[in-house]
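Inspection log for the structure reproduced underneath, given as structure tokens.
On a predicted model such as this, the values are computed, not experimentally measured, just so you know.
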Amino acid sequence: MTSALIVVHRPSVSGGRRVTVHSRGRDEILGTAYSDHDLVVFLESAGAHRGRRLR
């Protein structure tokens with residue numbers, strides 16, 4: 001079984017969703033997304049836009 005490179009976790013009590021990326025053999029927390037915009041910002045900061053490799 002393969003694991004997901006990017007995971008958007010289920011909503012927390014506060015309503016936000018933790019976003020993690022699996023890179024270099026470990027999981028890194030990108031932040032907590034409270035909106036679609038937050039998620040896009042996290043993914044762009046990790047290099048997931050324009051076909052770039054994640055860090």
(message) Could you measure the distance from the OG1 atom of Thr20 to the CG atom of Leu30? Nearest 0.5 Å is fine.
(response) 7.0 Å
(request) Could you tell me the separation between the CG atom of Asp27 and the CG atom of Leu5, rounded to the nearest 0.5 Å? (result) 9.5 Å
(request) Decide whether Val21 and Leu43 are clustered together by the hydrophobic rule: side chain heavy atoms of Ile, Leu, Val, Met, Phe, Trp, Tyr closer than 4.5 Å, transitively. (result) yes
(request) Mind listing the closest non-hydrogen atom pair of Asp38 and Thr32 along with its distance? (result) OD2-O, 4.3 Å
(request) Nearest 0.5 Å please: distance from the CG atom of Leu39 over to the CZ atom of Arg17. (result) 9.5 Å
(message) Which heavy atom of Val19 sits nearest to which heavy atom of Phe42, and what is that distance?
(response) CG2-CD1, 4.0 Å
(request) Using the test side chain to side chain donor-acceptor pair (under 3.5 Å), find all partners of Ser12 that sit at least two apart in sequence or belong to another chain. (result) Ser14
